[in-house]
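Chain letters run A, B, ... following the sequence lines, proteins first, then strands; residues in each count from 1.
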2 protein chains.
Amino acid sequence: MSLELRHLRYFVTVADELSFTRAAQRLRISQPPLSQQIQDLEAVLKTQLLLRTSRRVELTAAGEALHARAKSILEQVDAAVQEAASIGRGERGRILIGATGSILSGGLADLLAGYRHEFPEVTTTLFEQAPRLQMRALQDKKTDISFIRLRPESDDFASELAWREDVVVAMSSIHRLAGRKRIALKDLRDEEYVALAPESSEFAASIRDSCVAAGFLPRIAHEVVDAQSITGLLAAGFGVALVPSSIARFTTGEIRFRSLGASAPAADVYIVHRNGDQSTALRAFMAFARRFFQSRLKPRD
Amino acid sequence: MSLELRHLRYFVTVADELSFTRAAQRLRISQPPLSQQIQDLEAVLKTQLLLRTSRRVELTAAGEALHARAKSILEQVDAAVQEAASIGRGERGRILIGATGSILSGGLADLLAGYRHEFPEVTTTLFEQAPRLQMRALQDKKTDISFIRLRPESDDFASELAWREDVVVAMSSIHRLAGRKRIALKDLRDEEYVALAPESSEFAASIRDSCVAAGFLPRIAHEVVDAQSITGLLAAGFGVALVPSSIARFTTGEIRFRSLGASAPAADVYIVHRNGDQSTALRAFMAFARRFFQSRLKPRD
DNA sequence: TTGATTTATATCCGAGAGATATGGATGAGC
DNA sequence: GCTCATCCATATCTCTCGGATATAAATCAA
């Protein structure tokens with residue numbers, strides 16, 4: 001015979017009611033098996049818990065002590081069940097997110113704000129890292145999900161489009177092209193470029209590919225490691241840069257952005273995560289993200 | 001289907017071992033019912049707890065959380081069982097004891113010291129009260145047991161002899177009888193007495209009865225409410241007093257005690273408790289007390 | 001003393017915990 | 001790359017034990 005929660009549930013009810021008959025009613029069982037289970041419990045403890053005459057039931061000292069303990073235990077069991085179920089539904093947990101600064105301000109921040117509002121019990125931790133490091137972090141399980149401007153090739157990762165962004169051209173307001181309203185990619189063939197170092201970003205490579213497709217090889221005059229540095233160089237008059245349009249949001253100073261029209265390369269942002277082991281919290285996050293971007297696209301239709 | 005401790009025990013074992021086969025061995029059951037019980041648990045929680053391939057078992061986030069909780073719950077169940085059993089064996093609990101100061105120093109203190117040594121988990125609370133109040137406190141369940149110098153009549157109480165004491169005569173060292181080695185009760189017929197007020201002590205009444213039996217009615221010159229006051233009055237030369245021999249122990253100053261020899265009235269101390277509801281701790285205490293006094297009597301044999 | 005109420009005992013039934021046998025998947029080793 | 005060993009899941013059976021019904025025993029009220 002081993003102790004089970006049933007014994008504790010029954011005992012607590014009897015101790016609360018101080019009556020086997022009423023306790024049995026509350027427990028939706030008949031009185032004899034209740035008496036039996038209490039006797040079993042007492043046998044396991046080798047201790048009298050209740051003093052019963054046919055007229056009154058009262059607790060012994062051991063019964064008083066167990067009553068308090070058992071009540072607390074049952075509450076904790078309940079809490080544990082709720083917690084596990086809640087984690088299972090993805091309502092609770094922790095998601096580790098990788099992203100770069102421009103992606104954060106480009107739409108991710110809004111997504112996270114909306115998500116935290118609907119799933120307040122999920123902790124989201126954001127790692128601002130260069131794209132290459134993000135992939136490493138994903139692989140090493142340092143992060144669970146990444147927002148990144150290039151679709152990964154590897155079979156280890158699953159990816160889907162988060163949102164679309166155009167590439168725009170950025171330059172100082174005193175640049176000779178700053179007066180033009182619309183600029184095509186091929187108009188930029190003779191410019192000097194400020195670009196992200198290709199080893200820090202797949203995006204840099206894809207921009208270069210777009211230029212090649214437009215018939216020229218961009219002359220990279222300056223390379224920077226951090227996207228933040230680009231605008232500083234542009235403001236000082238160092239050529240032009242091809243950047244995702246969302247960069248405009250967090251840029252101050254004398255920088256002008258011009259659309260590239262139909263010739264604009266895509267700067268789509270993808271959601272990437274490891275294949276296979278997505279937790280429920282992550283699945284729920286992905287589902288939320290899909291709904292979120294879906295509803296955001298509508299106004300543009 | 002309801003959650004039982006079995007589910008938690010099984011789950012914790014599997015989570016510890018990360019193997020159904022090994023867990024089943026540790027649990028002394030076969031592997032299929034273990035798988036079944038884990039599935040039942042997951043069904044109750046509506047949540048996956050373990051990711052199992054035929055080659056590896058690992059915990060989900062929900063499983064991790066439940067593992068920690070369940071372990072703690074099982075430990076608490078264990079502790080609660082131990083505690084209840086321990087209280088049931090009288091090894092733990094609280095005993096409320098009534099006594100007077102003279103009884104405490106007359107032998108009770110030694111008993112309590114020995115008892116606490118053998119039952120360190122039982123809290124003993126001592127109430128120093130006048131005998132009448134002790135009976136009241138017992139009746140009102142303010143105390144569980146009393147050490148008192150008179151056997152109670154009422155059927156509500158059970159009593160047994162704790163230890164025997166003689167009554168001795170006490171007087172100032174300058175009293176005219178202080179030089180006598182032995183004094184019989186009847187020699188004291190013409191003395192003036194310092195006595196406890198009869199309304200505060202049954203013992204006072206029993207002393208008076210002893211004097212009457214010896215052929216005289218004691219002349220009470222001074223009455224005190226508190227036994228402590230007696231010696232003060234005696235030291236000041238106010239007559240004599242008939243007191244339990246143990247009083248000598250905690251008396252300082254110029255007081256002499258003389259045995260009354262064969263004519264000494266008894267001042268036996270009784271253990272009194274309510275009939276019926278003695279807790280296990282109290283029963284264990286009584287058993288200890290009997291053993292204690294038994295072994296103390298032997299040296300006198 | 002009788003009747004009502006409450007717990008304990010006796011007996012029966014059925015759900016379900018656990019055993020055995022087996023299937024299916026996966027990684028190791030030749 | 002095939003075979004074998006290993007491990008978890010499924011299917012089926014058995015038998016324990018939880019719960020129901022009927023009834024006895026005890027106690028209090030009238």
Side-chain angles (χ1 to χ4, degrees), chain A residues 1-60 62-63 67 70 74 155-156 275-277, chain B residues 1-60 62-63 67 70 74 155-156 275-277:
Chain A
M1 164 83 57
S2 68
L3 183 68
E4 290 296 344
L5 285 179
R6 179 186 54 256
H7 295 116
L8 299 185
R9 282 193 267 260
Y10 288 7
F11 171 68
V12 166
T13 308
V14 173
D16 281 343
E17 296 287 341
L18 289 178
S19 156
F20 282 71
T21 310
R22 281 196 302 276
Q25 285 168 353
R26 261 185 52 191
L27 291 166
R28 315 277 194 163
I29 63 172
S30 60
Q31 168 264 317
L34 176 57
S35 291
Q36 185 58 48
Q37 291 297 315
I38 299 294
Q39 285 170 29
D40 289 349
L41 174 58
E42 290 178 326
V44 168
L45 301 179
K46 297 187 181 67
T47 300
Q48 189 102 357
L49 298 172
L50 295 161
L51 298 170
R52 42 255 209 228
T53 67
S54 68
R55 215 60 193 171
R56 197 165 68 243
V57 173
E58 51 187 325
L59 288 161
T60 64
H67 185 201
L74 291 176
D155 226 37
D156 297 344
N275 240 330
D277 82 346
Chain B
M1 165 82 58
S2 67
L3 183 69
E4 290 296 346
L5 284 179
R6 180 184 55 254
H7 295 116
L8 300 185
R9 282 193 268 259
Y10 287 8
F11 172 69
V12 166
T13 308
V14 173
D16 282 342
E17 295 287 341
L18 289 179
S19 156
F20 281 71
T21 310
R22 278 196 303 276
Q25 285 169 352
R26 260 186 52 191
L27 291 166
R28 316 276 195 163
I29 62 173
S30 60
Q31 169 264 317
L34 177 57
S35 291
Q36 185 58 46
Q37 292 296 314
I38 299 294
Q39 285 171 30
D40 290 348
L41 174 57
E42 290 178 326
V44 168
L45 301 179
K46 295 186 182 64
T47 301
Q48 188 102 356
L49 297 172
L50 295 161
L51 297 171
R52 44 260 212 219
T53 68
S54 68
R55 217 57 195 173
R56 198 164 68 243
V57 174
E58 50 186 325
L59 288 161
T60 63
H67 185 199
L74 291 176
D155 227 35
D156 296 345
N275 241 329
D277 81 347

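When rounded to the nearest whole Å, the span between CG of B/L5 and C1' of D/dG18 equals 16 Å. Between A/I29 atom CD1 and D/dG18 atom P there is a gap of 11 Å when expressed in whole angstrom units. Look at CG on B/L51: it is 14 Å from P on C/dT26, rounded to the nearest Å. Taking atom CD of B/Q36 as the reference point, atom P of C/dA21 lies 19 Å away to the nearest angstrom. For the pair B/L27 CG and C/dA19 P, the computed distance is 10 Å after rounding to whole Å. Per the geometry, CG belonging to B/L34 stands 10 Å off P belonging to C/dA19, to the nearest Å. Summarising the geometry, the separation between CG on B/L49 and P on D/dC8 is reported as 16 Å, rounded to the nearest angstrom. Rounded to whole Å, the distance from CD on A/Q39 to C1' on D/dG18 is 14 Å.
Between the side chain of A/E4 and the backbone N or O of B/L5 there is at least one donor-acceptor pair closer than 3.5 Å.
For A/D40, the side-chain atoms get nearest to D/dG18 when compared with the rest of D/dA20, C/dT7, D/dG18. Candidate nucleotides C/dA19, C/dA8, D/dC8 were compared by shortest atom distance to the side chain of A/S35, and C/dA8 ranks first. In the set C/dA21, D/dG19, D/dC8, the nucleotide with an atom closest to the side chain of A/R6 is D/dG19.
Both B/F20 and A/S30 lie close to DNA chain D; mapped to their nearest nucleotides by heavy-atom distance, the more 5′-ward contact belongs to B/F20. Taking the nucleotide of DNA chain D with the nearest heavy atom to each of A/H7 and B/T21, the more 5' of the two is matched to B/T21.
In secondary-structure terms, DNA chain D builds stems of at least 3 consecutive Watson-Crick or G-U pairs, each pair having both distances under 3.5 Å, at C:1-30 with D:1-30.
Residues passing the side-chain contact (heavy atoms from CB on, under 4.5 Å) test with B/E42 are B/I38, B/Q48, B/L49, B/L50, B/R52, sequence neighbours excluded.
In this model, the phosphate group of D/dG18 is approached by a side-chain N or O of A/Q37 to a distance below 4.0 Å at OP1 or OP2.
Residue A/T21 holds its OG1 atom at 13.5 Å from CZ of A/R26, rounded to the nearest 0.5 Å. Rounding to the nearest 0.5 Å places CD of A/E17 at 9.0 Å from CG of A/L27. Separation of atoms CD (B/Q36) and CD (B/Q39) is listed at 5.0 Å; rounding is to 0.5 Å. Rounded to the nearest 0.5 angstrom, B/F20 CZ and B/Q37 CD are separated by 11.5 Å. Here the straight-line distance linking atom CG of A/L8 with atom OG1 of A/T13 works out to 10.5 Å at 0.5 Å rounding.
You'll find a donor-acceptor pair under 3.5 Å spanning the side chain of B/Q31 and the base of D/dA9, going by distance alone.
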Atom pairs, protein N/O to nucleotides 25-30 of chain D N/O, distance under 3.5 Å:
from	atom 1	to	atom 2	distance (Å)
D/dA26	N3	A/S54	OG	3.2
D/dT27	O4'	A/S54	OG	2.7

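B/Q31 and B/S35 are linked by a side-chain donor-acceptor pair at a separation below 3.5 angstrom, with hydrogens and angles left out of the test.
Within the 4.5 Å cutoff, the side chain of A/V44 has no heavy atoms near those of the A/H7 side chain. Taking 4.5 Å as the limit, some side-chain heavy atom of A/D16 sits within range of a side-chain heavy atom of A/H67.
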